[in-house]
A.B. asks: 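There's a structure below that I have some questions on.
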Amino acid sequence: MTDLATCPHSVDWSEFRPFEHDGMTEFFARKREEEPVFFDQGTGYWIVTRRDDVRAIFADPDRFSAANVHDPLTAYPPELVAYLKEEGFRRDKTQANCDRPKHTRIRQVAQSFLNIRQFKTREPQIREMVEAAVNKLRGRGRVDLVDDFAYELPARVLFLLLGVPDIDARKIKVWADSRFDMISGDADFEAKMEAGRQVMDFWNYCGAIIADRQKNPGDDYPSHLLAAHARDPDAISLGEIQNLTFGVLLAGHETTTNAIGNTMHMLLRDREEWDRLVNEPTLAPAYVEEGLRAGPPVVIWRRVTTEEVKVGDVTLPEGAPIMMSLASANRDEAHFACPHDFEGTRANARDHVSFGYGIHFCMGAPLAKLELKLVLELLSQAFPNMTLVPDTDPHWQRTILVRGPGRLLVDLNE
């Protein structure tokens with residue numbers, strides 16, 4: 001077993017560094033013991049590190065509002081605010097960042113399509129897509145598992161649900177990356193303005209999908225939402241439908257790309273675990289759960305208090321912004337034995353909080369797990385001798401929200 005806390009590139013943090021990866025594990029291990037709830041001056045947020053506290057916050061949506069989930073970490077430049085307003089960007093609070101009763105109303109409509117039954121009916125198509133992506137790697141010797149495999153694949157899976165043609169998946173990825181940079185990155189002024197222009201293209205593309213489905217309904221998510229609106233306009237509005245489509249195309253693939261990259265990175269660093277998966281591919285679902293626990297694609301999630309409330313031993317005032325460290329909660333020694341070890345047979349790996357908990361639990365979790373299972377099964381069987389290229393920088397993403405390697409060089413060793 002590889003102790004992930006002793007990665008040779010890790011560094012010692014003395015304070016919270018939200019945009020960095022190396023050293024994060026060690027920092028939160030100390031904080032869970034010494035100061036499990038602490039205030040970070042740099043971000044202006046209270047940081048929560050222990051699993052029990054994170055679960056309690058997720059389980060109490062009335063005292064811990066989701067309203068700030070998609071707020072920018074730093075205020076947009078006035079020029080960007082004006083540009084988005086002039087161009088008609090209307091990103092309303094719809095699902096992850098709204099509270100009851102609105103959340104309940106919208107989730108009921110969305111979940112009647114985004115559910116495990118719908119995902120399972122598309123499993124044969126998804127398997128074919130993963131097989132095709134694996135086959136494209138054959139004979140290439142050295143590849144980048146992110147750029148050559150994991151970057152576009154989850155977006156193409158989403159196209160099945162959205163009923164869109166085989167458009168430029170890479171363009172969708174660029175749009176989504178731009179949106180994440182706006183919300184949770186540390187880009188400079190010019191980069192934020194360019195991200196805003198990309199996001200407007202993204203927003204208008206989603207509007208075009210809705211307009212087309214109004215004329216040409218099909219068996220897809222936007223058509224389902226429009227049918228619900230036609231039956232009862234009070235159940236969901238046209239604006240909410242565009243926001244939901246935008247949200248799915250934003251988060252429904254970026255997190256899965258990161259989950260593939262994180263899990264494969266950890267697996268290939270531990271030859272014992274990789275060889276075990278190769279010899280027992282039926283263990284893929286267990287490795288999916290352990291990968292999500294040890295390397296969550298989303299490392300921070302936010303809430304804001306609606307009243308004075310106690311978290312752990314700390315009393316927070318009303319209106320206190322909170323960051324829950326999902327990465328820290330998933331390695332809490334109080335719940336996971338030897339939490340820094342990557343163990344495919346860990347009995348309680350499913351107890352991770354990588355998809356949240358409670359009424360906001362991610363509706364796309366079953367789809368992400370299905371994709372990850374197929375990826376692990378097919379990659380391990382196609383390239384059993386695959387190895388990481390040593391001493392290469394994974395180029396970890398510099399956002400406070402999502403975390404994954406930007407590059408994962410491997411030798412296929414066919």
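Below, each value reflects all heavy atoms present in this structure, side chains not excepted, and no hydrogens, waters or symmetry copies. Given the structure is predicted, the values throughout are model-derived calculations rather than measurements.
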A.B. asks: So Pro36 and Arg50, do their side chains get closer than 4.5 Å, heavy atoms only?
C.D. replies: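 Arg50 reaches Pro36 side chain to side chain.
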A.B. asks: Taking the side chain as C-beta and beyond, is there a heavy-atom pair between Arg32 and Arg331 under 4.5 Å?
C.D. replies: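 Yes, their side chains come closer than 4.5 Å.
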A.B. asks: Got a second to check how far Asn204's CG is from Ile209's CD1, nearest 0.5 Å?
C.D. replies: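 Those atoms lie 11.5 Å apart.
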A.B. asks: At their closest point, which heavy atom of Pro339 faces which heavy atom of Glu333, and how far apart are they?
C.D. replies: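 Closest pair (atom of Pro339, atom of Glu333, distance): CG-CG, 3.7 Å.
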A.B. asks: Is it true that a side-chain atom of Glu307 and a backbone atom of Glu318 form a donor plus acceptor pair closer than 3.5 Å?
C.D. replies: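 No, the answer is negative, given that no donor and acceptor are paired below the 3.5 Å cut-off.
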A.B. asks: Hey, mind stepping through Leu84 and Tyr76 against side chain to side chain contact (heavy atoms under 4.5 Å, CB included) and telling me if it holds?
C.D. replies: CA-CA 10 Å; Leu84 294 174; Tyr76 291 155; 4.3 Å; yes
A.B. asks: Evaluate the side-chain proximity of Leu162 to Asp220: yes if any heavy-atom separation is below 4.5 Å, no if none is.
C.D. replies: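 When only atoms from C-beta onward are counted, Leu162 and Asp220 do not touch, as no gap falls below 4.5 Å.
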A.B. asks: Can you list the steps and then say if Lys369 with Thr256 is a side chain to side chain donor-acceptor pair (under 3.5 Å)?
C.D. replies: CA-CA 9 Å; Lys369 291 182 181 183; Thr256 307; over 6 Å; no
A.B. asks: Measuring only between side-chain heavy atoms, which start at C-beta, is Trp46 closer than 4.5 Å to Asp40?
C.D. replies: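 They are not in side-chain contact.
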A.B. asks: For the pair Lys373 and Glu377, find out whether any cationic side-chain nitrogen is under 4.0 Å from an anionic carboxylate oxygen.
C.D. replies: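 So Lys373 pairs with Glu377 through a salt bridge.
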A.B. asks: In Å, rounded to the nearest 0.5 Å, how long is the span from CH2 of Trp301 to CE of Met324?
C.D. replies: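 Result: 8.5 Å between the selected atoms.
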A.B. asks: Any idea which heavy atoms bring His352 and Leu292 closest together, and the distance?
C.D. replies: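 Smallest interatomic distance, heavy atoms only, reads NE2-CB, 3.8 Å.
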A.B. asks: Compare every heavy atom of Ser237 with every heavy atom of His229, then report the nearest pair and how far apart it is.
C.D. replies: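 Smallest heavy-atom distance, with atoms named: ND1-CA, 4.0 Å.
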A.B. asks: Are His224 and Ser112 linked by a side-chain donor-acceptor pair shorter than 3.5 Å?
C.D. replies: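 The answer is yes; a qualifying pair exists.
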A.B. asks: Would you be so kind as to tabulate the donor-acceptor pairs closer than 3.5 Å made by side chains of residues 241-248, with sequence neighbours excluded?
C.D. replies:
residue : atom : partner : partner atom : Å
Gln242  : NE2  : Trp203  : O            : 3.1
Asn243  : OD1  : Arg91   : NH1          : 3.1
Asn243  : OD1  : Asp92   : N            : 2.8
Asn243  : ND2  : Arg90   : O            : 3.1
Asn243  : ND2  : Gly239  : O            : 2.8
Thr245  : OG1  : Ile241  : O            : 3.0

A.B. asks: Side chains of Gln397 and Glu254: donor-acceptor distance under 3.5 Å anywhere?
C.D. replies: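 Indeed, the side chains of Gln397 and Glu254 share at least one donor-acceptor pair under 3.5 Å.
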A.B. asks: Could you state the interatomic distance from OG (Ser328) to CZ (Arg30), rounded to the nearest 0.5 Å?
C.D. replies: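 It comes to 11.5 Å.
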A.B. asks: Any chance you could lay out the side chain to side chain contact (heavy atoms under 4.5 Å, CB included) test for Leu376 and Gln381, step after step, and finish with the verdict?
C.D. replies: CA-CA 8 Å; Leu376 295 187; Gln381 298 311 293; over 6 Å; no
A.B. asks: Check the pair Asp351 / Arg293 against salt bridge (Lys or Arg N to Asp or Glu O under 4.0 Å), numbers first and verdict last.
C.D. replies: CA-CA 8 Å; Asp351 291 349; Arg293 182 200 69 83; over 6 Å; no
A.B. asks: Just by distance, do the side chain of Asp144 and the backbone of Val146 share a donor-acceptor pair under 3.5 Å?
C.D. replies: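 Yes; judged by distance alone, with no hydrogens or angles, the pair exists.
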A.B. asks: Step by step, work out the side chain to side chain contact (heavy atoms under 4.5 Å, CB included) result for Val134 and Phe149.
C.D. replies: CA-CA 7 Å; Val134 169; Phe149 179 80; 3.7 Å; yes
A.B. asks: Spell out, as yes or no, whether a donor-acceptor pair under 3.5 Å connects the side chain of Gln111 to the backbone of Met363.
C.D. replies: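 No; judged by distance alone, with no hydrogens or angles, the pair does not exist.
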A.B. asks: Judged by atom type as modelled, is there a donor-acceptor pair below 3.5 Å linking the side chain of Ser65 to the main-chain atoms of Thr305?
C.D. replies: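 Here the side-chain-to-backbone pair does not exist.
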A.B. asks: Using atom types as modelled and distance alone, determine if a side-chain donor or acceptor of Asn68 lies under 3.5 Å from a backbone N or O of Arg303.
C.D. replies: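 Judged by distance alone, yes, a pair lies under 3.5 Å.
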A.B. asks: Please name the pair of heavy atoms, one in Ala286 and one in Gly344, separated by the smallest distance, quoted to 0.1 Å.
C.D. replies: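 Answer, listing the atom of Ala286 first, then Gly344: CB-O, 3.1 Å.
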A.B. asks: Does the Thr263 side chain pair with the main chain of Ala259, one donor and one acceptor, at a distance under 3.5 Å?
C.D. replies: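 Checked: pair present.
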A.B. asks: On a heavy-atom basis, which atom in Asn258 and which in Arg403 lie closest, and how many Å separate them?
C.D. replies: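 Closest approach of Asn258 to Arg403: CB-O, 3.6 Å.
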A.B. asks: From Arg127 CZ over to Leu378 CG, what is the distance, rounded to the nearest 0.5 angstrom?
C.D. replies: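 Going from the CZ atom of Arg127 to the CG atom of Leu378 covers 5.5 Å.
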A.B. asks: We want to know whether Tyr287 and Glu273 form a side-chain donor-acceptor pair, criterion being a heavy-atom distance below 3.5 angstrom.
C.D. replies: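 Looking only at side-chain atoms, Glu273 and Tyr287 do form a donor-acceptor pair, the distance falling under 3.5 Å.
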A.B. asks: Using side chain to side chain contact (heavy atoms under 4.5 Å, CB included), reason through Val299 and Leu401 one step at a time and then give a plain yes or no.
C.D. replies: CA-CA 6 Å; Val299 291; Leu401 175 63; over 6 Å; no
A.B. asks: Is the backbone of Asp393 close enough, under 3.5 Å, to the side chain of Arg407 for a donor and an acceptor to pair up by distance?
C.D. replies: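 A pair under 3.5 Å: yes.
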A.B. asks: Are the side chain of Asp212 and the backbone N or O of Ala208 linked by a donor-acceptor pair below 3.5 Å?
C.D. replies: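 No.
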A.B. asks: For Lys102, does the NZ atom have more than 12 heavy-atom neighbours from other residues, nucleotides or ligands under 6.0 Å away?
C.D. replies: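 Above 12, so yes.
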A.B. asks: Answer yes or no: is there a side-chain heavy-atom contact under 4.5 Å between Thr306 and Phe64?
C.D. replies: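 Counting from C-beta outward, Thr306 and Phe64 never come under 4.5 Å.
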A.B. asks: Considering only residues two or more places apart or on different chains, which pairs with a residue in residues 238-252 satisfy salt bridge (charged side-chain N to carboxylate O under 4.0 Å, His left out)?
C.D. replies: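 Every pair satisfying salt bridge (charged side-chain N to carboxylate O under 4.0 Å, His left out) with a residue in residues 238-252: Arg105-Glu240.
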A.B. asks: State whether Glu35 and Lys31 are salt-bridged, where the test is any N-O pair (Lys NZ or Arg NE/NH1/NH2 against Asp/Glu carboxylate O) under 4.0 Å.
C.D. replies: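 Salt bridge: yes.
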A.B. asks: Salt bridge check: are Asp341 and Arg346 linked by an N-O gap of less than 4.0 Å?
C.D. replies: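 Not counted as a salt bridge, because no side-chain N and carboxylate O are separated by less than 4.0 Å.
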A.B. asks: Working to the nearest 0.5 angstrom, can you tell me the gap between Leu145 CG and His265 NE2?
C.D. replies: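 Reported value, rounded in 0.5 Å steps: 11.0 Å.
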A.B. asks: Can you tell me which residue pairs pass the ring pair (Phe, Tyr, Trp, His ring centres under 6.0 Å) test with a partner in residues 125-145, sequence neighbours excluded?
C.D. replies: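 The answer is none; no pair qualifies.
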A.B. asks: Going by heavy atoms in the side chains, are Thr49 and Val37 under 4.5 Å from each other?
C.D. replies: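 No, every pair of side-chain atoms sits at 4.5 Å or beyond.
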A.B. asks: Are the side chain of Arg302 and the backbone of Val69 linked by a donor-acceptor contact shorter than 3.5 Å?
C.D. replies: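 Yes, because the side chain of Arg302 sits within donor-acceptor range (under 3.5 Å) of the backbone of Val69.
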A.B. asks: Is the count of non-hydrogen atoms from other residues, nucleotides or ligands lying under 6.0 Å from Arg138 atom CZ greater than 12?
C.D. replies: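 Counting other residues, nucleotides and ligands, CZ of Arg138 exceeds 12 neighbours.
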A.B. asks: Which heavy atom of Pro384 sits nearest a heavy atom of Val278, and at what distance?
C.D. replies: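 Minimum heavy-atom separation between Pro384 and Val278: CB-CG1, 3.6 Å.
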A.B. asks: Give a yes or no on whether a salt bridge exists between Arg156 and Glu152, defined as a side-chain N under 4.0 angstrom from a carboxylate O.
C.D. replies: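 Looking at Glu152 together with Arg156, the answer is yes, because their closest N to O distance falls below 4.0 Å.
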A.B. asks: To the nearest 0.5 Å, what is the distance between CG on Leu249 and CZ on Phe159?
C.D. replies: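 If we round to the nearest 0.5 Å, Leu249:CG and Phe159:CZ are 6.5 Å apart.
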A.B. asks: Looking at Lys93 and Asp71, does any basic side-chain N land under 4.0 Å from a carboxylate oxygen?
C.D. replies: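 Between Asp71 and Lys93 there is a salt bridge, with a charged N closer than 4.0 Å to a carboxylate O.
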A.B. asks: Measuring only between side-chain heavy atoms, which start at C-beta, is Phe58 closer than 4.5 Å to Ile359?
C.D. replies: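 In short, these two side chains do not touch, never coming nearer than 4.5 Å.
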A.B. asks: Just by modelled atom types, is the Asn97 backbone N or O under 3.5 Å from a matching donor or acceptor in the His103 side chain?
C.D. replies: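 Not confirmed, His103 side chain does not pair with Asn97 backbone.
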A.B. asks: Would you call Asp62 and Arg100 a salt bridge, using N to O less than 4.0 angstrom?
C.D. replies: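 A salt bridge links Asp62 with Arg100.
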A.B. asks: Is any side-chain heavy atom of Gln41 less than 4.5 Å from a side-chain heavy atom of Glu15?
C.D. replies: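 No. Closest side-chain heavy atoms not under 4.5 Å.
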A.B. asks: Apply side chain to side chain donor-acceptor pair (under 3.5 Å) to Tyr83 and Arg197, showing your working.
C.D. replies: CA-CA 9 Å; Tyr83 169 76; Arg197 289 186 283 270; 6.0 Å; no
